[in-house]
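Predicted model only: the values in this text are computed from it and were never measured. FYI, side chains are in, hydrogens and waters are out, and symmetry mates aren't considered; it's all heavy atoms of this structure. Chain identifiers are assigned alphabetically (A, B, ...) following the order of the sequence lines, protein sequences preceding nucleic acid strands; residue numbering begins at 1 within each chain.
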Amino acid sequence: MILRTIIDLDWRGRVFLLVLAAVAVLVPLLNLAVPAGSAFNVPTYLVSLLGKYLCYALLAIALDLVWGYCGILSLGHGAFFALGGYAMGMYLMRQIGPRGVYANPVLPDFMVFLNMKELPITWWGFGHFPYAMLMVLVVPGLLAFVFGWFAFRSRVTGVYLSIITQAMTYALLLAFFRNDMGFGGNNGLTDFKDILGFNIQAQSTRVALFVASVVALALGYLIARAMVTSAYGKVLIAIRDAESRARFMGYRVERYKLVAFTVSACMAGVAGALYVPQVGIINPSEFAAANSIEAVIWVAVGGRGTLVGAALGAVLVNWAKTWLTGAFPEVWVFGLGALFVLVTLFLPKGIIRTLSEWSARRSDQRAASAAAEAGIGAVQQPAGAE
Amino acid sequence: MSSVTSPELTQSILYLDGVSVSFDGFKALNSLSMVIGHGEMRAIIGPNGAGKTTMMDVITGKTRPDDGDVLFDGSVDLTRMDEASIAELGIGRKFQKPTVFESHTVDDNILLAMKGPRSAGSSLFGWRNRVRDDQKDQVLETIGLKDHRKRLAADLSHGQKQWLEIGMLLAQDPKLLLVDEPVAGMTDHETEQTAALLASIAKTHAVVVVEHDMHFVRALGCKVTCLHEGSVLAEGAIDAVSTNDRVVEVYLGR
Amino acid sequence: MRIARLLAALLGLALASVASAPSRAADLDAAFARIATENFGEIEAAIGDLAATGDPKAAAALQALTDSRLVYAPADKGVFIKAPDGKFTDARTGAAPAAEPFGTKPVRVNNRVRRALEAALGSLTLLSPDPAKRLAAAEAVLKSRDSAAIPALDAAIAKETDARIKKTMVQARAAAVLGKADATDAEKVSAIDVVAERGDQDTLSLLANLRANGTPIVKMAAETAAGAIERRLAVLSSVQNVWYGLSLGSVLLLAAIGLAITFGVMGIINMAHGEMVMLGAYTTFVVQEILRTKYPALFDWSLAMAIPLAFLVAGGVGVLIERSVIRFLYGRPLETLLATWGVSLILQQAVRSWFGANNREVGAPAFMSGSFDFMGLAITYGRLWIVVFGALVFAALLFVLKATSFGLKMRAVTQNRRMASCMGIRTPWVDSLTFGLGSGIAGIAGVALSQIDNVSPNLGQSYIVDSFMVVVFGGVGNLWGTLVAAMTLGIANKFLEPFAGAVLGKILLLIFIILFIQKRPRGLFALKGRAVEA
Ligand SMILES: Nc1ncnc2c1ncn2[C@@H]1O[C@H](COP(=O)(O)OP(=O)(O)OP(=O)(O)O)[C@@H](O)[C@H]1O
Ligand SMILES: [Mg+2]
């Protein structure tokens, strides 16, 4: 299926994959092979920063799958992202072993500090990488499945759905702030030492994590693309446009939504899991409502319902954020707020679709004038863009 | 109304008995009873707010009746089922306000409507990708949108959307078609075409048509039911109904 | 016990000697001489002697002893009270000593002495001319249940004229009887009856002791009395929870009621709603700052002045937002959500740049501090005002919507825009004003919330989820639903808190609402009909 998707890719998707491939080769090369003093050297901190952007891009693609193609404006994807991140963080905590401040071979420092005597059940198995990776998928996926099962079956749609996803995120935020949840409370999980036996601070590990993020993003894109171009995707779009019509045609709308929502949550979980080792910490603030909503604006900026646009939006907005918070810290929040307003008012289709419509119009005009010159009155029908 | 006997029940494709629906105390359907036979075509007329659309809502599972029985094919209780299962049984519907999938092409609209497995799994793993081009072409031919097949449904005119929706109904190939005001916004010529089309469909399917256009109803040449205030006011041949005093008084006007 | 009996005897003596005034001075001198020692037994006895004199000077000395400020000069057995500033007063005369006493030592206290001291002070102040002191002394005995105080209490009860104090003394005496080892069952049973009248937690623990180890009769009496008290306390704590719940509900109502207009009636998802509340709170802050520096006398009126101003500020900002952003997005709720979120970020940052990121101090006017007792419930004026205020705002809004022509136009526009504009209503104008009204009400809520929450740029964020929950739970487009939802959630929260803790209680409620919306997607009091299905 993935193979067919690659073969059938449109030019936009091809460019996207090519860029990713180029980045996956060039960035490690420029980091590892070019000496540190050189102008072409990519410093290691930048590698991790780019890796972080790519995780956000994967989150944006996950969100675009449900929002752009199914009309579900989830304000809970930050929560799925964070849950994936916590699963990874728990693995990394268990890898610290006796190197913690309290040198307890089993319990992470914060548990010793809280006078816990043994590892809570929730932590069992997180010492093993495969199990932890499974949880990265299962925990967000299961939450999305259960939540979606209830919500879609009782036909909660539109803003109501947005509001209850936000309530879910808020409840998780409150829960993870509690010390007795056993996930490090306020401080979250940090001070990671190594991953799969490699020092997490080492340059080569950072580069490997970056490459892993590129691969995850490409895979995530291809899965999402395969879904939306299949018959399933057509139904999904049909549901977005006229939900009850689709029902009267015999489509079980709730199941279609549930599949998309769950797959999307798993993707967000993977993004979170790759994010945590690259930034070195996960704490409850990742559950903040603002994070989920910010992710929505990335998608909106790039263009919902385009996948590539979502990824592009995530990278662009975050790049701007990094630059602005460094250069003019006060301005960033104003800028972000203005972005929300201006994009919804003036760029409702996002960058990608606006650009492509614009170029289509130009080429139409050119074709029309060419046709007029040749004396042929053929009017081209615009090709079906999704 | 008519005394319901069990042969009537077994011979019917649709059987409504004493169906009542109320919205905040307002009775949209008031103990409505009606029987549609296999392969029958029926026209429903009645003033605005008579409950015609609400009746379709009840049959297709959109609205749950407060009271009464709705049976399909003599035995299946529709009041307990959701829209998707009712559609799977073979009941198709065209809405009063044309609703097509605007961001899909005409082609894809028909494709989505085409009879076949509807589950998420089957669509995800490609079974529905087997395009039955011949059937699709036939439908497009019938509704006269063949030249527009690559256009987005959103770009169609109102009348074309009506046609597209009828085409989707054809592609769905249900046993019972519920058609709500199919000719609103159509030219006289198109109206005649539609009547002819419905008449030809009715040879193999049961069809229920709601319409205000009396010329159209006459052209259909079938039994007519007039609804008023949620129940049946008159039923029979068009000439009998259209001369019925009560019908003239509440609906047709003198 | 032995000491207690000794004390009792001493107290009895003391009371006997109250009448013989001439010997009092001599007794006092002797007692003071006795206390100037290191011997705890002597000190204890001297305390009894001092108490027996009933002299205010003795009381002052004993008070000083409890504060470890009583010293003596071993050389001449002079006893002095050392003030916190280091000055000495002669305990016998109450005057400053002629010369600075030399080589003073503190009178030492051990646990036994301390107990004697408390009892002595108790009985001494029982006879104090100050009613507040007498009451406090009776309460003290009630707590200590010192049977030694019985004779003193008897005397005090005989002389007491204030009914309330007298009642407390009688209860204290009963408690003391219960603490007495050799009281008869009959005495104890009648004492239980007296004590049970108090019906508080302390009484319950007093009775618990008797229920565990008393004679069968006493046990039974204690059992019955304790049962009655427990029931009363249970009722009281429920009533208390309901009251707290109502006041929390009023806070929720205030936070949500503006949203009930913008979201509930107009269908606009205004994520900047919380910031309207915040603007109201900052308006209060500014008003108070100005009053504090320019017209401090008017400070008590600060809230009254802030209310209309907050309405204008928040309402004005609301109209501005509606005109510049929201009106382009009607019919696109999800886009509205994003745009107004952007607006909320801008407003927050603007306030942060202007006023700083820290909490701002907003004071409470005098009439809002303090509390009063209502049938065993301590009701703070602050809470009471919030409840009253919430009810007033609700009633005012209801009036505007139901009884004014603007309200009529507003409902017409929100129900059928096209029809309304055909009938000559200027719909854009009504839209703006309605949104302004919702925002202005949020601003008014901000005035109230500035009294109970930190006034910071993040103030609004903490209410946004709650507000939406209340409106959705109550049923969109239904003001009464909002009221019921706010009160239900407030009360449920307070009843959950004791079991689950504040945070977990809140989480449980959120989960409950999420599940509830599944069952009834349109809320408690849903509007039915085609309009809501679109
Ligand atoms: N969901 C609903 N909520 C409230 N009232 C409704 C609802 N559905 C229908 N009604 C009311 O029920 C009555 C019947 O409506 P219905 O749409 O069935 O009429 P109709 O016969 O189809 O009229 P028309 O010819 O105008 O299409 C109307 O008065 C309508 O207002
Ligand atoms: Mg109708």
Heavy-atom side-chain proximity of [X] to [Y] below 4.5 angstrom:
| X | Y | value |
| --- | --- | --- |
| Val159(A) | Phe263(C) | yes |
| Trp341(C) | Ile297(A) | no |
| Gln349(C) | Leu336(A) | no |
| Val503(C) | Phe177(A) | no |
| Thr344(A) | Arg332(C) | no |
| Gln348(C) | Val333(A) | no |
| Phe147(A) | Ile514(C) | yes |
| Leu75(A) | Leu337(C) | yes |

Evaluate Leu345(A) against Leu329(C) for side-chain contact (heavy atoms from CB on, under 4.5 Å), listing each step before the verdict. CA-CA 8 Å; Leu345(A) 285 184; Leu329(C) 298 172; 4.0 Å; yes
Neighbour count >12 (heavy atoms, 6.0 Å) for atom CZ, Arg255(A):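 Open.
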Are more than 12 heavy atoms from other residues, nucleotides or ligands located less than 6.0 Å from atom CZ of Phe150(A)?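 Open: at most 12 neighbouring heavy atoms sit under 6.0 Å from CZ of Phe150(A).
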Nearest atoms (heavy-atom pairs only) where [X] meets [Y]:
| X | Y | answer |
| --- | --- | --- |
| Ala500(C) | Arg178(A) | O-NH1, 4.5 Å |
| Ile346(C) | Phe334(A) | O-CE2, 3.5 Å |
| Ser162(A) | Leu334(C) | OG-CD2, 3.7 Å |

Partner chain C: residue of [options] with the largest heavy-atom pair count (under 4.5 Å):
| options | answer |
| --- | --- |
| Leu342(A), Leu173(A), Val341(A) | Val341(A) |
| Pro348(A), Ala289(A), Ala300(A), Ala290(A) | Ala290(A) |
| Ala171(A), Gly158(A), Ser244(A), Gly71(A) | Ala171(A) |
| Val156(A), Ile293(A), Leu339(A) | Ile293(A) |

Given that the side chain runs from C-beta out, which part of Trp67(A) has a heavy atom under 4.5 Å from chain C: side chain, backbone, both or neither?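 Answer is side chain: those atoms of Trp67(A) sit under 4.5 Å from chain C.
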Rounded to the nearest 0.5 Å, how far does [atom2] of [Y] lie from [atom1] of [X]?
| X | Y | atom1 | atom2 | result |
| --- | --- | --- | --- | --- |
| Ile163(A) | Met469(C) | CD1 | CE | 6.5 Å |
| Leu172(A) | Ile511(C) | CG | CD1 | 8.5 Å |
| Leu509(C) | Leu174(A) | CG | CG | 11.0 Å |
| Ile517(C) | Tyr160(A) | CD1 | OH | 8.5 Å |

Can you tell me which portion of [X] sits under 4.5 Å from chain A's heavy atoms? Options are side chain, backbone, both or neither.
| X | result |
| --- | --- |
| Ser324(C) | backbone |
| Leu345(C) | both |
| Leu338(C) | both |
| Val465(C) | side chain |

Looking only at heavy atoms and a cut-off of under 4.5 Å, which of Val343(C), Leu504(C), Leu508(C) has the most pairs with chain A?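 When all of Val343(C), Leu504(C), Leu508(C) are compared, Leu504(C) has the most.
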